[in-house]
Amino acid sequence: QVQLIESGGGLVQAGESLRLSCAASGRTVSSYAMGWFRQAPGKEREFVASISRSGTTTSYGDSVKGRFTISRDNAKNRLLLQMNSLKPEDTAVYYCAASTSPIAAVTTFPFQFWGQGTQVTVSS
């Protein structure tokens, strides 16, 4: 079983960048398909990005395509999310998740393991 801990969140201005990191322990990130989700106050958890277990396939939510990039650092056993051109509507708690399914899923259902989340706040 894998344990996930997110970091890298913070307060930034619109147009700036942040890089989120998700450190894994217990198992290697290469053993799972991985994903990022976010949840704003009063809203449902939203798909952001995912990467297949093989690392060959990525998927992105429509609202972040072209701005966010998901990647996996196997050497450091972590998942990354590079977020560029941030907008106020990107403000949310961002969660890292792992799935034993090999595909780059776009819903929460296949993801069995979750981190505690990291807050990202984008001011206008």
Whether the side chain of [X] engages the backbone of [Y] through a donor-acceptor N/O pair (distance < 3.5 Å, no angle test) should be reported.
X	Y	result
Thr91	Val122	yes
Ser99	Pro110	yes
Ser52	Thr57	yes
Glu6	Thr118	no
Ser50	Ala105	yes

Exercise: identify the closest heavy-atom pair between [X] and [Y]:
X	Y	result
Leu18	Gly8	CD2-O, 3.6 Å
Gln82	Ser17	NE2-CB, 3.9 Å
Ser59	Ala104	OG-O, 3.4 Å
Ile70	Gly35	CD1-CA, 4.4 Å
Ser63	Arg67	O-NH2, 2.8 Å

Spell out, yes or no, whether [X] and [Y] are grouped together once hydrophobic residues are joined by side-chain heavy atoms under 4.5 Å, including indirect joins.
X	Y	result
Phe113	Leu79	yes
Val106	Trp36	no
Tyr32	Phe111	no
Tyr60	Ile51	yes
Met83	Leu80	no

Straight-line distance of [X] [atom1] to [Y] [atom2], nearest 0.5 Å:
X	Y	atom1	atom2	value
Gln116	Ser7	CD	OG	13.5 Å
Gln13	Leu11	CD	CG	8.0 Å
Met34	Ser71	CE	OG	11.0 Å
Asn74	Ser31	CG	OG	9.0 Å

For this session: Identify whether the distance between the nearest side-chain nitrogen and carboxylate oxygen of Asp90 and Lys87 falls below 4.0 Å.
Result: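 Looking at Asp90 and Lys87, the cut-off is not met.
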
Problem set entry | Distance-only polar pair, side chains of Thr28 and Asn77, donor-acceptor under 3.5 Å | no

Exercise. Can you tell me if Gln112 and Thr100 form a side-chain donor-acceptor pair at under 3.5 Å?
Worked result: yes

Problem set entry | Test log, rule side chain to side chain contact (heavy atoms under 4.5 Å, CB included), inputs Thr108 and Trp114 | CA-CA 10 Å; Thr108 60; Trp114 293 83; 3.9 Å; yes

Exercise. Who else is in Ile5's hydrophobic cluster (ILVMFWY, side-chain heavy atoms under 4.5 Å, direct or via others)?
Worked result: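 When side chains under 4.5 Å apart are linked, Ile5 ends up in no cluster with other residues.
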
For this session: Not counting sequence neighbours, list each pair that qualifies as a salt bridge (Lys or Arg N to Asp or Glu O under 4.0 Å) and has a residue in residues 40-60.
Result: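 Sorted pair list: Arg38-Glu46.
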
Problem set entry | Non-neighbouring partners of Phe47 that pass ring-ring contact (aromatic ring centres under 6.0 Å, His included), sequence neighbours left out |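 If we apply the ring-ring contact (aromatic ring centres under 6.0 Å, His included) test to Phe47, skipping adjacent residues, the hits are Phe37.
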
Exercise. Tell me the disulfide (SG to SG under 2.5 Å) pairs involving residues 40-78, sequence neighbours left out?
Worked result: none

For this session: If a pair satisfies disulfide (SG to SG under 2.5 Å) and one of its residues is in residues 26-119, list it, with sequence neighbours excluded.
Result: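 Listed once each, the pairs are Cys22-Cys96.
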
For this session: Please state whether the rings of Phe68 and Tyr94 are parallel, tilted or perpendicular, taking 30° and 60° as the class boundaries.
Result: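 Ring orientation, 0 to 90° scale: tilted.
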
For this session: Assess whether side chain to side chain contact (heavy atoms under 4.5 Å, CB included) is satisfied between Leu20 and Val120, documenting all intermediate values.
Result: CA-CA 9 Å; Leu20 302 185; Val120 172; 4.0 Å; yes

Exercise. What residues, two or more places apart in sequence or in another chain, satisfy salt bridge (charged side-chain N to carboxylate O under 4.0 Å, His left out) together with Arg19?
Worked result: none

